[in-house]
Amino acid sequence: MEQRKIVVTSALPYANGDIHIGHLVEYLQTDFWVRFQRMRGAKVCYVCADDTHGTPIMIRARKEGRAPEALIAEMRERHVRDFSAFQMSFDNYYSTNTPENRAFCEDIYAKLENAGALRHENVAQLWCPDCAMFLPDRFVKGTCPNCGAAEQYGDNCERCGTTYSPADLKDAHCATCGSRALETRETEHILFDLAKYRDYLKQWLPVHTQTDVANKLCEWFGEDQKLLPWDISRDAPYFGFEIPGKPGKYFYVWLDAPVGYLASLENWCSKHGEKFDEWWGDPEAERYHFIGKDIVRFHCLFWPSMLHAAGYEGPTRVFVHGFLTVNGEKMSKSRGTFISAQTYLKHLDPAALRYYYACKINNTTDDIDLNLDDFAQRVNSDLVGKITNLASRGAQMLGKRLDGRIGDLDEEGAALVKAALSRSDAIAALYEERKFSQVPVEVCRIANAANEYFDRHAPWKTIKTDPEATRPVLSAVLAAFRAMAIYLAPILPAYAEKAAKLFGESAWTWGSLGESVAGRTIGAYEYLAERIDPAAVEAMVEDSKPTEPPPSADSQKNAAAAAPANAAACPAVKPAIAFPAFDAVDLRVAKVERCTAVEKSKKLVRFELDCGPLGHRTIFSGIRSAYPDPSVLDGRQVVFVANLSPREMKGVGVSEGMVLTAGDPATGLAVLSPIAPVRPGDPAC
RNA sequence: UGCGGGGUAGAGCAACCCGGUAGCUCGUCAGGCUCAUAACCUGGAAGUUGGAUGUUCAAAUCAUCCCCCCGCAACCA
């Protein structure tokens with residue numbers, strides 16, 4: 001068989017944040033697969049890059065008072081640092097803000113235009129005069145036209161779920177500067193006519209993705225015109241590539257991001273005397289994208305149809321994986337489970353995470369859970385206690401008493417080693433199919449057999465009576481260990497390298513399994529893996545918790561400072577009412593028993609209130625942005641509307657009233673509280 | 001609300017497509033060993049496979065309904 005030629009990619013991390021353990025689920029599994037393919041002798045080019053364009057980058061750079069190029073350069077450095085610490089083996093790590101990427105974008109754009117795949121339409125969009133820019137939906141906030149929830153994003157309401165366009169929002173304002181003087185302006189947009197490729201996608205999907213992904217995406221092929229044209233242009237100011245012949249128009253970041261795979265590959269080719277067309281243009285070569293299920297539609301709808309329309313080869317397969325949960329829940333900053341690569345590295349060995357992820361990751365789109373207790377246990381028992389300890393026992397005994405020379409095997413030992421080697425094809429198949437979680441299972445099975453064998457022959461006894469008779473036993477255990485270390489090499493490259501050194505070898509390939517080590521003298525034993533101290537895990541979690549004081553205090557200060565400048569944004573006084581209308585509102589004081597974040601919601605907190613004689617009440621309030629850690633309100637007294645009709649909050653429960661707050665959510669908001677404690681249930685007026 | 005995925009011993013998973021005594025790892029309990037990173041070996045306890053109907057000689061496995069969990073739902077990277 002001819003040597004396989006494989007291009008592999010991981011999704012491009014956005015240059016707006018550091019790498020965290022959630023990202024690593026993807027990068028590490030790609031690395032496992034890539035390293036496996038290299039060991040099998042395939043010619044692999046594993047490319048990735050920073051995703052550098054778009055509005056969030058532009059705005060952040062502006063806020064930090066520097067050029068976006070400076071921001072993305074710094075982020076790239078940080079990403080590269082984190083990746084190399086986790087032993088990622090990219091062949092090329094590039095950037096989307098490069099000449100190669102611009103050239104590919106322009107080429108594809110021209111070919112799409114030629115193919116009649118593009119439409120030019122006028123689109124009405126909100127414009128912020130203060131920022132002098134068009135506002136993407138997520139950069140507009142306002143009151144939901146359906147349910148009246150305040151501070152909703154411009155695309156849909158998180159409280160009632162209604163979707164709408166930003167122009168439908170009441171009280172629409174710019175999420176960046178708070179300006180309410182938004183205008184609607186018409187502007188030309190360029191759209192990719194996705195519906196034209198409906199038939200192509202329909203047959204493409206089942207062959208190139210997992211079945212559950214294909215099923216999910218079939219939703220988009222319903223009768224109700226779901227394949228709307230995809231808007232690929234953005235107006236200036238925008239950080240990205242200007243569209244040729246369209247001054248002031250830029251390629252949308254999601255257009256140029258996947259093109260970045262091609263750019264990175266091209267860059268690698270030019271540095272290594274390779275030809276791009278022999279990798280991406282060759283139908284015999286293979287191309288695989290590893291992605292998370294959040295970006296499926298970009299990689300399985302837009303990307304393949306775009307490549308097809310432009311006459312490029314498409315990916316061979318898109319491998320979709322699930323998300324990471326920690327201790328069964330979404331990663332959370334306040335719980336300390338939003339762990340950055342840097343924080344992890346401060347406390348723990350990257351190999352431990354590589355091993356544990358391997359134990360969990362398979363080829364489905366299910367989420368995987370990093371259970372921190374299980375993590376420490378698993379690494380300590382399996383990797384250290386069961387597997388590594390074999391080398392430690394065997395190598396030290398052989399080194400101390402038998403000159404470290406590996407000898408011939410006895411019959412039972414030969415059977416043990418043969419059984420270990422016989423799993424080679426099965427384990428290779430597991431890697432190939434990305435069923436990584438089964439690899440440690442297989443290896444542990446071998447380790448169990450080796451431990452039993454070791455125990456049965458009690459070499460620690462025979463070494464005292466008949467050392468030479470012990471040699472075959474230790475040799476068999478070490479040979480079995482060597483096979484295990486080779487099997488684990490794609491997952492634990494640093495470990496495998498040290499283990500290979502023990503046997504006087506350098507880099508192992510899959511073919512190394514067939515080589516005999518009889519007659520070799522092993523090197524000095526050094527620790528291959530450290531046990532995880534549960535205290536280190538705890539310290540890492542503590543270290544990940546936010547340390548700054550509750551932002552509510554900050555935002556109050558900011559609000560005060562911003563007040564004069566924002567005077568125009570202050571809402572007008574409502575029409576006058578008579579006293580009875582005011583008196584109809586029954587305001588009471590309550591003591592907060594507990595205030596907690598509502599898990600399913602980004603905005604809601606749940607107040608458990610002690611209302612004195614009025615009893616206990618539960619009230620939901622959309623103030624999470626001002627109180628990311630709502631527990632700071634525990635024990636405080638608050639004022640609430642006691643006679644507001646209870647309201648069913650979708651999916652979270654019934655809210656029995658409304659807690660009063662003051663301030664503008666955009667600039668700072670605080671819960672109202674009596675200046676001195678009063679009795680819960682007392683009226684306020 | 002729609003769609004996709006899932007619910008199997010204390011924890012994490014396998015078996016489900018192609019029905020046939022429910023399996024693995026960790027933990028737990030009892031015993032052993034002492035070479036090794038307090039590790040390893042032997043044995044035990046623990047599951048009416050989310051619930052209910054149905055098909056069948058036989059259902060974790062097939063069908064229907066219900067409950068619960070997670071995710072996605074289009075210009076937000």
Side-chain angles (χ1 to χ4, degrees), chain A residues 11-17 50-57 96 123 125 136-139 153-156 161 163 165 189 191 194 211-220 222 226-234 252-255 257 293-298 301-302 322-323 325 328-330 356 359-360 362 364-369 371 373-375 377-378 380-386 388-398 400-401 435 437-438 440-441 444-445 447-448 450-456 458-464 470 474 525 527-531 600 650:
Chain A
L12 313 187
Y14 200 51
N16 193 23
D50 258 21
D51 180 15
T52 58
H53 292 148
T55 309
I57 300 274
T96 57
V123 172
Q125 202 179 351
D137 290 4
R138 293 297 262 196
F139 281 80
Y153 286 113
D155 47 0
N156 69 326
T163 57
S165 84
H189 275 249
L191 302 107
L194 192 62
T211 47
D212 55 341
V213 173
N215 287 346
K216 173 67 186 159
L217 287 169
C218 279
E219 277 178 43
W220 301 67
K226 288 226 179 166
L227 290 176
L228 296 180
W230 178 43
D231 189 344
I232 58 163
S233 69
R234 292 295 183 273
Y252 174 44
V253 57
W254 260 115
L255 182 289
K293 60 187 177 184
D294 52 333
I295 53 174
V296 155
R297 67 169 188 276
F298 295 103
L301 294 180
F302 303 149
F323 296 140
T325 57
E329 291 174 306
K330 238 184 228 179
Y356 190 70
C359 291
K360 303 292 244 181
N362 55 29
T364 71
T365 54
D366 296 343
D367 292 350
I368 71 158
D369 186 47
N371 181 301
D373 295 332
D374 188 49
F375 166 61
Q377 232 166 51
R378 192 77 178 251
N380 289 347
S381 317
D382 285 2
L383 183 59
V384 181
K386 196 164 279 187
T388 310
N389 197 31
L390 279 168
S392 180
R393 300 161 91 184
Q396 291 186 70
M397 211 182 286
L398 194 72
K400 278 181 204 159
R401 311 291 292 266
K435 293 179 178 169
S437 63
Q438 292 306 303
V441 170
C444 279
R445 222 169 264 163
N448 281 337
N451 274 313
E452 287 162 28
Y453 169 81
F454 195 92
D455 202 66
R456 252 194 326 272
W460 58 91
K461 283 182 186 159
T462 57
I463 193 107
K464 291 174 190 157
T470 315
L474 300 179
Y525 182 77
Y527 271 23
L528 301 170
E530 296 275 347
R531 306 179 66 79
K600 293 176 195 164
K650 197 173 166 257

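Quick caveat, the model's predicted, so the values are computed rather than measured. Order of the sequence lines sets the chain letters (A, B, ...), proteins ahead of strands, with each chain counted from 1.
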Which whole number of Å gives the distance between the [atom1] atom of [N] and that of [M]?
| N | M | atom1 | result |
| --- | --- | --- | --- |
| rU8(B) | rC68(B) | C1' | 16 Å |
| rG4(B) | rA63(B) | P | 14 Å |
| rA14(B) | rG6(B) | P | 10 Å |
| rG27(B) | rU64(B) | C1' | 39 Å |
| rU53(B) | rC16(B) | P | 26 Å |
| rC62(B) | rG20(B) | C1' | 14 Å |
| rG2(B) | rC18(B) | P | 29 Å |
| rC3(B) | rG44(B) | P | 49 Å |

Would the distance check show the side chain of [X] and the main-chain N or O of [Y] forming a donor-acceptor pair, the cut-off being under 3.5 Å?
| X | Y | answer |
| --- | --- | --- |
| Asp455(A) | Asn451(A) | no |
| Asp367(A) | Gly322(A) | no |
| Asp50(A) | Thr52(A) | no |
| Thr388(A) | Leu383(A) | yes |
| Tyr14(A) | His53(A) | yes |

Base, sugar-phosphate alone, or nothing: which one does [X] contact when heavy atoms must sit under 4.0 Å apart?
| X | value |
| --- | --- |
| Leu528(A) | base |
| Thr325(A) | nothing |
| Gly385(A) | sugar-phosphate |
| Ala395(A) | nothing |
| Val384(A) | base |
| Tyr525(A) | base |
| Lys435(A) | nothing |
| Phe298(A) | nothing |

Whole angstrom is fine here: how far is it from [atom1] in [X] over to [atom2] in [N]?
| X | N | atom1 | atom2 | result |
| --- | --- | --- | --- | --- |
| Asn451(A) | rC33(B) | CG | P | 18 Å |
| Asp231(A) | rC76(B) | CG | C1' | 14 Å |
| Arg531(A) | rU37(B) | CZ | P | 11 Å |

Looking only at the side chain of [X] (C-beta and beyond, no hydrogens), which of the listed nucleotides [options] gets closest?
| X | options | result |
| --- | --- | --- |
| Trp460(A) | rC40(B), rU34(B), rA73(B) | rU34(B) |
| Asn371(A) | rU37(B), rC41(B), rA11(B) | rA11(B) |
| Pro136(A) | rC76(B), rU37(B), rC35(B) | rC76(B) |

Inset, instruction - Please work out whether the ring planes of Phe302(A) and Trp230(A) are parallel, tilted or perpendicular, with thresholds of 30° and 60°. - result: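 Ring orientation, 0 to 90° scale: parallel.
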Roughly how far, to the nearest 0.5 Å, is the [atom2] atom of [Y] from the [atom1] atom of [X]?
| X | Y | atom1 | atom2 | result |
| --- | --- | --- | --- | --- |
| Lys386(A) | Arg445(A) | NZ | CZ | 11.0 Å |
| Asn371(A) | Tyr356(A) | CG | OH | 5.0 Å |
| Arg531(A) | Ser381(A) | CZ | OG | 7.5 Å |

Contact list (N/O, under 3.5 angstrom) for nucleotides 13-17 of chain B vs protein:
none

Legend entry - Given RNA chain B, 5'-ward residue of the pair Leu191(A) and Tyr527(A), judged by closest heavy atom: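 Closer to the 5' end of RNA chain B: Tyr527(A).
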Legend entry - Smallest separation among heavy atoms of Ala257(A) and Leu12(A), with atom names: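 Taking Ala257(A) first and Leu12(A) second, the nearest heavy atoms are O-CD1, 3.0 Å.
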Inset, instruction - Anything below 3.5 Å on both distances counts as a pair; with that, list the stems of at least three consecutive Watson-Crick or G-U pairs involving RNA chain B. - result: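 Stems (3+ consecutive pairs) listed as B:1-7 with B:67-73, B:10-13 with B:23-26, B:28-32 with B:40-44, B:50-54 with B:62-66.
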Inset, instruction - Just do the side chain to side chain contact (heavy atoms under 4.5 Å, CB included) check on Phe323(A) and Asp294(A) with the steps written out, would you? - result: CA-CA 9 Å; Phe323(A) 296 140; Asp294(A) 52 333; 3.4 Å; yes
Legend entry - Qualifying residue, where the test is side chain to side chain contact (heavy atoms under 4.5 Å, CB included) with Leu474(A) and the options are Arg401(A), Met397(A), Gln396(A), Arg393(A):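 Among Arg401(A), Met397(A), Gln396(A), Arg393(A), the one meeting side chain to side chain contact (heavy atoms under 4.5 Å, CB included) with Leu474(A) is Met397(A).
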Inset, instruction - Between protein and nucleotides 22-30 of chain B, map the contacts as a letter string: B base, S sugar-phosphate only, - none, heavy atoms under 4.0 Å, written 5' to 3'. - result: ---SSS---
Inset, instruction - Walk me through it: do Ser233(A) and His189(A) pass the test side chain to side chain contact (heavy atoms under 4.5 Å, CB included)? - result: CA-CA 6 Å; Ser233(A) 69; His189(A) 275 249; 3.6 Å; yes
